[in-house]
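For reference, the structure is listed below as structure tokens.
Residue numbering restarts at 1 for every chain, and letters A, B, ... go by the order of the sequence lines.
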Protein chains: 2
Amino acid sequence: MTANIKDVARLAGVSVSTVSRALGKGPVSAEVRRQVEAAVKATGYRPNLSARRLRSQRSQTIGLIVADIRNPFFTAVSRAVEDAAYRAGMRVILCNTGEDPEREALYMRLMQEERVTGLIFAPTRATIGGLRAQDFDYPVVLIDRAAASGEFDTVVLDNRGASARLVDHLVERGYRRIGGLFGSTSTTGIEREAGYVAGMSAHGLIPDARMIAPLAPAAEDAALAWLAEAERPEAIIVSNGLFLLGLFRAARRLGLSIPRELAIAGFDNEAWTDLVEPGLTVIEQPVETFGREAMALLFQRLKTPTAPTRTVMLSGTLIERASTHALTRARFKEPL
Amino acid sequence: MTANIKDVARLAGVSVSTVSRALGKGPVSAEVRRQVEAAVKATGYRPNLSARRLRSQRSQTIGLIVADIRNPFFTAVSRAVEDAAYRAGMRVILCNTGEDPEREALYMRLMQEERVTGLIFAPTRATIGGLRAQDFDYPVVLIDRAAASGEFDTVVLDNRGASARLVDHLVERGYRRIGGLFGSTSTTGIEREAGYVAGMSAHGLIPDARMIAPLAPAAEDAALAWLAEAERPEAIIVSNGLFLLGLFRAARRLGLSIPRELAIAGFDNEAWTDLVEPGLTVIEQPVETFGREAMALLFQRLKTPTAPTRTVMLSGTLIERASTHALTRARFKEPL
DNA sequence: CCCCAGTGTGAAATCGTTCTCAACGCATGA
DNA sequence: TCATGCGTTGAGAACGATTTCACACTGGGG
């Protein structure tokens, strides 16, 4: 079917090794190079990457395992990773785990079988604790989620700081009874919850954090139930864009006026968050930077394998919008 | 580093061929199978996919070339494709072209080099005309965009029908001066424009279609300029979710009341379209079906290579929202 | 007792590259 | 004249699997 290097060699009247050199960067005479190029064009030859990888023992492939590409955070990250990879002449294998530890294990095996050059991974909480650097034949960079062991290069947001910042912001605007919805499957959710709790405590307020599955409908259900309780919160913080969607939908369904009856703030500055009424206050994550930094850490690690591991902590940007406008305390009986 | 099949064979006390058979589905005694499995576990052996692909001449890989994974349509499609692929024991190589014909060519070469089993491709208008089935060593399924030649299996929306449907809907609601913004780089944009023009003509109305680059800012700019013109349209139809974003943003910036001063309708039922005020009328595309159908066509083609090509035309669903509520004609001097 | 079919096994070829090594031609310098 | 070295080339050995082929063993039927 497809021509191989032998066909090219025959047509060019040179040996296979010479063709290989001509196509690579070996020393060949200009004359031969011309002939080989002509033969390549004539035969439509394209090198077989499997053969090349097998022989050279370099896959030029990096793995990218994320929870769900439909989460806009991961969409943007993967785009950045791919761009960087292709620019470096590498390919990307993208896998979605759906936060399922079994699929994580499956895909880690796959990466091993592909003999990837490196892996960028956003593991669930369930697997992250068991990861050991020495179990991998290639460097691993964690993204969005950090392992306690510190064995891996990592790119994360300053999750605690960002959460605390949101709490500060709400308190400053006059809110006191502030609840939080956080993802239960990732360390990121946990960290953001911790930041929220710390922030609340710092203000002498009682935290009320609830952990849920990282899906928009889960957030909507949780919010609906919560807002039906007697002691309804004045504000709710959520830990990602999907929850923002669910929470906003719940508020809408209950006909709550935002921020008068419920203030909303969260993570991920998605395109729609400033188009809804009111616009939503969010922590914007530097998504492209996540991808680029992860690739940078990976390449750095490949260059200097024994260097101490590094954690790049990126900070988010608070974008204040109308969903957290100053609370008018009139309707509350309690004093400040 | 990693153990290979030879190591396993040595440890299990059998030949390499027997190991291969034991791991595959060849006939081996239960005894040997046990030993091999033990040896695999002990050595941590994982087959080398490059070697396997080279020898077996089956890459078990399908290529997926889309314009931009950040476009929610392609996000959903790619998720569906991946799920189907992994379920069939195949991997996916995902590439983003950014609607750049050069990158399309680059990635088509890459697919050839990877010796993919099949390709799912959403090409730009610039390349789609030049595609010839015989130039590929593997089946190609076009998705979202159709080639005139009919040489390829294809999954598309009934673009003309859907566009005309939007026009009908708007006319029914009392709108007459209806403009349209369409993507210039894809046949889909062209088809939707054609459906719009046909729909307008059918109602005896004068179409005004403008073709722009498939990016949200382009739509915003175009809309801002358009709405500043003397003869401002009563309604604008757009051909995808990114344009919807741009158009809505433009209307917002101009402080236009929707639908009183400008009605809006378009394609792609993105999560936010029913959260903004007013909710946006859209044609919903069965995105998961796109991915699944494309995979189905691909597998079908692999099974029966010479069967005539098929085009699966999916129909969209009109979701009526407040952005196209009935026009009150009071403010217009012209008679209907 | 022989033949045959079926089962299980190993040796060796093969996939398409890259890479090592030896060798060639030719110019240069001793 | 001969050794040295450089630039260029080809033969052939890998890489790690699958697959073909031949063969040994078993048991059943003639």
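With no hydrogens or angles considered, no side-chain donor-acceptor pair links B:Asn48 and A:Glu113 at under 3.5 Å.
For C:dA11, the base has a donor-acceptor partner in the side chain of B:Ser17 [N/O atoms by modelled type, under 3.5 angstrom]. Put simply, the side chain of B:Arg55 and the base of D:dT18 share a donor and an acceptor less than 3.5 Å apart. One donor-acceptor pair, N or O on each side, does fall under 3.5 Å between the base of C:dG10 and the side chain of B:Arg21.
Within the nucleic acid shown, A:Arg46 comes within 4.0 Å of sugar-phosphate atoms alone, with no base atom in reach, counting heavy atoms only. At a threshold of 4.0 angstrom between heavy atoms, the contacts of B:Val16 include nucleobase atoms, whether or not backbone atoms are also involved. Contacts of A:Ser29 with the nucleic acid, taken as non-hydrogen atoms under 4.0 Å apart, involve only primed sugar atoms and P, OP1 or OP2.
Closest-nucleotide positions on DNA chain C for B:Val32 and A:Thr18 were compared, and the one nearer the 5' end corresponds to B:Val32. Across the interface with DNA chain C, nearest-nucleotide mapping of B:Gly13 and B:Ala51 shows B:Gly13 to be the residue nearer the 5′ end.
The CZ atom of B:Arg10 sits 16 Å away from the C1' atom of C:dG10 (whole-angstrom rounding). Here the P atom of nucleotide C:dC15 and the CD atom of B:Glu114 are 21 Å apart, to the nearest Å. Remark: C1' of C:dG16 and CD of B:Gln57 are 8 Å apart, rounded to the nearest angstrom. The interatomic distance linking B:Glu113 (CD) with C:dC15 (P) rounds to 20 Å, in whole Å. We find that CZ of B:Arg58 is positioned 9 Å from C1' of D:dT18, with the value rounded to whole Å. In this structure, A:Leu54 atom CG and C:dT14 atom P are separated by 17 Å, rounded to whole Å. Remark: P of D:dG16 and CD of A:Gln112 are 13 Å apart, rounded to the nearest angstrom. What separates CG of A:Leu23 from C1' of C:dT17 is a distance of 11 Å, to the nearest Å.
Distances were taken from every side-chain heavy atom of B:Asn4 (C-beta onward) to each of D:dA11, D:dG16, C:dG8; the shortest belongs to D:dG16.
Looking at A:Asp153 and A:Arg310, no side-chain N of the basic residue comes within less than 4.0 Å of a carboxylate O on the acidic one, giving no salt bridge. Classification of B:Glu114 and A:Arg53 as a salt-bridged pair holds, one side-chain N sitting under 4.0 Å from a carboxylate O. The existence of a salt bridge linking A:Asp7 and A:Arg10 is confirmed by a sub-4.0 Å separation between a basic side-chain nitrogen and an acidic carboxylate oxygen. Salt-bridge annotation for A:Asp68 and B:Arg79: present, with a side-chain N of the basic residue lying under 4.0 Å from a carboxylate O of the acidic one.
Distances shorter than 4.0 Å separate none of the side-chain N or O atoms of B:Asn48 from OP1 or OP2 on D:dG16. One finds no side-chain N or O of A:Ser20 lying less than 4.0 angstrom from the OP1 or OP2 phosphate oxygen of C:dT17. Regarding contacts with the backbone of D:dA17, a side-chain N or O of B:Tyr45 is found under 4.0 angstrom from either OP1 or OP2.
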